[in-house]
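Please read the structure below before turning to the comments.
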Amino acid sequence: MSVRTVTEQELEEQKLYTQKIRSALHIYDKKPLAYVHSYGCQQNVTDGEKIKGMLAEMGFDFTDDTSSADFILFNTCAVRENAVDRVFGNVGALKHLKKKNPRLIISVCGCMVQQPETAKKLKQSFPFVDIIFGTHLLHTFPELLCRCIFGGGRVFDISDSDGVIAEGLPVKRDSTFKASVPIMYGCNNFCTYCVVPYVRGRERSREPDEVINEVKSLIDSGYKDILLLGQNVNSYGKGTDVDFPELLFRLDNLEGDFRLEFMTSHPKDCTERLIDVIAESKHICHHIHLPVQCGSDRILKLMNRHYDTERYMYLVDYARKKIPDLNLTTDIIVGFPGEQREDFEQTLELMKRVCFDSAFTFIFSPREGTKAAEMEDPISADEKGKWFRELLEVQGECGSQSYQKYVGKTLNVLCEGRGRTSDEYYNGKSRQNIIVDFNGDENDIGRFVNVKITKALAWALVGEKTD
Ligand code: SAM
Ligand code: SF4
């Protein structure tokens, strides 16, 4: 499939819409305020930062308080039912604000909007929502807002195209030292439980030079922590002449004082070369998030994951041999349709064998349009809840042991802000991407410091600054 990149002319057109809005905003006696909230994954957060970039160019300031906002946008997630329910609840709560301030513009965008039934419900049950647009139309946001302001009506645009790549959009980053850089969009894997390929379109990779130039300019502007993003980063590169290990290798060779992270890896595309590049790198975090999803080969097949537990265990052993201080994390789904007690016990077995440093665990949530939503699912919600609690218990035991090995060691930590364990402490992340609380001060924020670890908790380390 050939990937369509948004042309310069299209971007210029959007700039004209931006200018038109900017000129119209003088009706406000002070800068109008925008409230932008992104639900769900880091990809959504970066989309939110682009929307904020466009709003800033239009002349908006920002607020964390919906009741003082002139423009409210919810950038939504559709991965699980509870995320969708939360959005419906939060959108419903805006109705009274619209009554108080009829000039308020409310917009809902993102993955939820790409689901036909959900989009219909938003349109019909929330008449006070002014603009609804899908994930593929992010770059046309100035035009949509213009249509709403000057056309005076509600605007719905839910193209179901396979998506495009838009380079050069303005970005208003939430941090001055941490930045996320999408290297690809969409997903081709169609794991049978997952809605992402339906709402984010086909996989498309950015040109390596675009990624390298963006990362270089972030490093030059003082960014210290750069997170490369994609639904399946290690399949990066289709249609370009560079694969993911090569991209990482080239980025690791950039000059500067920085760290590189990446999310998420799919076990079917995780290669020895990728692990070798991490092991030999100067800047890449010693952290791999490698979602196994389940410990039963039968269920992995039904999930359409294209690896088995033997291959997964091989990768774990190889990675731990090459990167002895590897922080290995995972995602697990409990209660996939057709999963039996024996399958679940195999997941528990795998958890005990691997002893993940940390795991994100989910109960299966049927999603509109996916294959798994059509499968027989005889196990009761109560039973699934019981399995889920058992899984948490097993993970809890592994988690509480896994950080003990760092006690007495000195780790290099990027300080991010105030402490998590106490107000007197400051907090950061080690190269293993582990949370570290320590006796820092305000000047440490955004800088690397060395911390001697004195205590290990199940979810964090605590220590004393040594420099
Ligand atoms: N692309 C990534 C991957 O393949 O690992 C992550 C995609 S998804 C946003 C993050 C996690 O949500 C998945 O790894 C999976 O464990 C979980 N998830 C996705 N769909 C789900 C569903 N229908 N029910 C429960 N959990 C789900
Ligand atoms: Fe969803 Fe699977 Fe794609 Fe991850 S790899 S986004 S779980 S379809």
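One-based numbering, in listed order, for ligands and for the atoms of each.
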**Asked** Is there at least one pair of N or O atoms, one from S265 and one from ligand 1, spaced under 3.5 Å apart?
**Response** no
**Item:** Carboxylate-amine/guanidinium proximity below 4.0 Å for R298 and D343
**Value:** yes
**Close approach, R305 and ligand 1, non-hydrogen under 4.0 angstrom** = yes
**Asked** Touching ligand 1 at all, R367? Heavy atoms, strictly under 4.0 Å?
**Response** yes
**Prompt:** Charged N to carboxylate O below 4.0 Å: is that the case for E57 and K52?
**Reply:** no
**Prompt:** Listing residue and atom name, which protein N/O/S atoms are closer to atom 2 (Fe) of ligand 2 than 2.8 Å?
**Reply:** C191 SG
**Fill in**
Note: S365, heavy atoms under 4.0 Å from ligand 1, region reported as both
**Complete:** closest protein heavy atom to atom 7 (S) of ligand 2 is Y193 OH, 3.5 Å
**Within reach of ligand 1, part of R80 (heavy-atom separation under 4.0 Å)** = side chain
**Prompt:** Starting from atom 25 (C) of ligand 1, which protein heavy atom do you reach first, and at what distance in Å?
**Reply:** I363 O, 3.5 Å
**Message:** Using a 4.0 Å heavy-atom cut-off, which part of F362 comes near ligand 1: side chain, backbone, both, or neither?
**Reply:** side chain
**Asked** Under 4.0 Å from any heavy atom of Y193, which atoms of ligand 1 are there?
**Response** 19 (C), 20 (N), 21 (C), 22 (C), 23 (N)
**Prompt:** Do R305 and Y193 pass the side-chain contact (heavy atoms from CB on, under 4.5 Å) test, and can you show the C-alpha distance, the side-chain angles, and the key distance before you say yes or no?
**Reply:** CA-CA 10 Å; R305 291 288 288 178; Y193 50 82; 3.2 Å; yes
**Message:** Using a 4.0 Å cut-off to any heavy atom of F364, which atoms of ligand 1 qualify?
**Reply:** 24 (N), 25 (C)
**Prompt:** For the ring pair Y39 and H37, is the centre-to-centre distance below 6.0 Å?
**Reply:** yes
**Complete:** Among T361, V79, I333, the residue with a heavy atom nearest to atom 8 (S) of ligand 1 is V79
**Message:** Tell me if the aromatic rings of Y223 and F177 count as close, with their centers under 6.0 Å from one another.
**Reply:** no
**Message:** With the threshold set at under 4.0 angstrom, would you say N232 reaches ligand 1 through any of its heavy atoms?
**Reply:** no
**Request:** Measure the distance from atom 5 (O) of ligand 1 to every protein heavy atom, then report the residue, atom name and distance (to 0.1 Å) of the closest one.
**Result:** P291 CG, 3.1 Å
**Asked** Taking the six-membered ring for Trp, are F71 and F141 parallel (under 30°), tilted (30 to 60°) or perpendicular (over 60°)?
**Response** tilted
**Message:** Strictly below 4.0 Å, N to O, side chains only: are R389 and E393 in salt-bridge contact?
**Reply:** no
**Prompt:** Between F388 and F362, does the ring centroid distance fall short of 6.0 Å?
**Reply:** no
**Prompt:** Does a side chain donor of either D252 or H283 reach within less than 3.5 Å of an acceptor in the other side chain?
**Reply:** no
**Prompt:** So, is T264 polar-close to ligand 1, with some N/O to N/O distance under 3.5 Å?
**Reply:** no
**Message:** Students should be able to answer this: which protein heavy-atom is nearest to atom 1 (N) of ligand 1, and at what distance?
**Reply:** Q231 O, 2.6 Å
**Message:** Between K322 and E272, does any NZ, NE, NH1 or NH2 come within less than 4.0 Å of an OD or OE carboxylate oxygen?
**Reply:** no
**Request:** Please confirm whether F360 and H289 have ring centers closer than 6.0 angstrom.
**Result:** yes
**Asked** Is a side-chain donor-acceptor pair under 3.5 Å present for D357 with S402?
**Response** yes
**Prompt:** Got the closest protein heavy atom to atom 15 (C) of ligand 1, with its distance?
**Reply:** Q293 OE1, 3.5 Å
**Asked** Is R320 paired with D325 through a side-chain N to carboxylate O contact shorter than 4.0 Å?
**Response** no
**Asked** Does the pair K216/D220 count as a salt bridge with the N-to-O cut at 4.0 Å?
**Response** yes
**Asked** Any heavy atom of T370 sitting closer than 4.0 Å to ligand 1?
**Response** no
**atom 14 (O) of ligand 1 - nearest protein heavy atom and its distance** = D331 OD2, 2.6 Å
**Message:** Within a 6.0 Å radius of atom CG on D65, are there more than 12 heavy atoms belonging to other residues, nucleotides or ligands?
**Reply:** yes
